[in-house]
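Below: the structure, in C-alpha cells.
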Amino acid sequence: MGDANAKDGTISVASAFAGHEEVVQDRDHKFLTKAVEEAYKGVEYGDGGPFGAVVVCNDEVVVSCHNMVLKNTDPTAHAEVTAIREACKKLNQLELSDCEIYASCEPCPMCFGAIFLSRIKRLVYGAKAEAAIAIGFDDFIADALRGTGIHQKAHLEIKRADGDGAIIAEQVFEKTKAKFPMY
C-alpha cells in the first residue's frame, strides 16, 4: 500500500518545513533571551537603558552587549550600536554580512542605520517600540521600521519574535522602570 503521506510528497515536505521552522524559532528564542538578559544587566549595572543586543555568526555568539549611554556619557551608545562596534573589533572587519543581530527591542532609526551600514543579514527583535515609549522613551524610537521606508531599502531579513520571546522582551520595561532613571 505504501506511505499515505508520501503520495505526492506534499505532507512530508510540509512537516519537514514545520520542523525547520521550530528549529529556527528555538534558535531565535535562545539568542533573543540572551539579548533580554543583557537589557536587565545594563540596568542593574547602571550603564544605561533597558536594551540588549547580541551579534551571532555561524550559530556562535560573537558579542553580547547592552545600552552604555550613561556609563559612556554617549547618547549613541545604544545596545545595537555597541554590539556592532564590539563585533567589528572582535572580528577585525568593517562588514558583518555573515552575522545576525538579536535586539531586545525594536531598533531606533540610528540603530537601524548602523545595522544597515554593517551589512548584517538578519535582525530579530523582541519588544515593540511602544513598550519603551510607555515608560518615557521618545516615540522617535518607532520610526525606523514604520512608515519611513528606510527598512525597505535595506536588504536584510527583519523578524519580530513571537510567543514567549516577545513576552519576555516586553516585560523588561515594566520590570526595570523603577530602577531606570530617565534622563
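Within a 6.0 Å sphere centred on NZ of Lys121, other residues, nucleotides and ligands contribute more than 12 heavy atoms.
The shortest non-hydrogen separation linking Ala77 to Thr82 is O-OG1, 3.3 Å. For Ala79 against Phe51, the heavy-atom pair with the smallest separation is CB-O, 3.5 Å. Nearest heavy atom pair, residue Ala166 against residue Ala161, reads CB-O, 3.5 Å. Looking at every heavy atom in both residues, Cys111 comes nearest to Glu80 through SG-OE1, 3.3 Å. Heavy atoms only, all atoms of each residue included: Ser64 and Val54 are closest at OG-CG2, 3.6 Å. Scanning both residues, Ile120 and Leu156, for their nearest heavy atoms gives O-CB, 3.5 Å.
Taking Thr33 as the reference, His29, Glu37, Ile168 meet the side chain to side chain contact (heavy atoms under 4.5 Å, CB included) condition, with sequence neighbours excluded.
Contact check for Ile141 versus His78: no side-chain heavy atoms found under the 4.5 Å cut-off. Between Phe116 and Pro107, every side-chain heavy-atom pair lies at or beyond the 4.5 Å cut-off. When side chains are defined from C-beta on, Lys30 does not count as touching Asp26, because their heavy atoms never get closer than 4.5 Å. Between Val55 and Ser118, the closest side-chain pair of non-hydrogen atoms is not below 4.5 Å.
There is a path of hydrophobic side-chain contacts, each under 4.5 Å, that joins Ile115 to Leu96. Phe137 and Val172 are not part of a single hydrophobic cluster, where members link through side-chain heavy atoms under 4.5 Å apart. Residues Tyr125 and Phe112 share a hydrophobic cluster, clusters being chains of Ile/Leu/Val/Met/Phe/Trp/Tyr side chains in contact below 4.5 Å. Side-chain heavy atoms closer than 4.5 Å link hydrophobic residues (I, L, V, M, F, W, Y) into clusters, and following such links, possibly through other members, connects Ile133 to Phe173. The hydrophobic clustering, which links ILVMFWY residues whose side-chain heavy atoms are closer than 4.5 Å, places Ile84 and Val63 together.
A distance-only check finds no donor-acceptor pair linking the side chain of Asn58 to the backbone of Glu60 [under 3.5 Å]. Judged by distance alone, the side chain of Glu170 and the main-chain N or O of Lys128 form a donor-acceptor pair under 3.5 Å. No side-chain donor-acceptor contact under 3.5 Å links Glu38 to the backbone of Gly52. In terms of modelled atom types and a separation under 3.5 Å, the side chain of Arg160 and the main chain of Val124 share no donor-acceptor contact. Distance alone, capped at 3.5 Å, places no donor-acceptor pair between the Asn72 side chain and the Asp74 backbone.
Ion pairing between Glu44 and Lys41 fails under the 4.0 Å rule for side-chain N and carboxylate O. Using a 4.0 Å cut-off between charged side-chain N and carboxylate O, Glu100 and Lys159 make no salt bridge. Classification of Arg122 and Asp28 as a salt-bridged pair holds, one side-chain N sitting under 4.0 Å from a carboxylate O.
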Is there a side-chain contact (heavy atoms from CB on, under 4.5 Å) between Arg27 and Val56? Walk through the geometry before answering.
CA-CA 11 Å; Arg27 186 180 167 278; Val56 174; 4.0 Å; yes

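Ring orientation note: the planes of Tyr102 and Phe31 are tilted relative to one another, at an angle of 30° to 60°.
Here Cys57 contributes atom SG and Gln93 contributes atom CD; the two are 7.0 Å apart, rounded to the nearest 0.5 Å. Atom CD in Glu130 sits 13.5 Å away from atom CD1 in Ile135 (nearest 0.5 Å).
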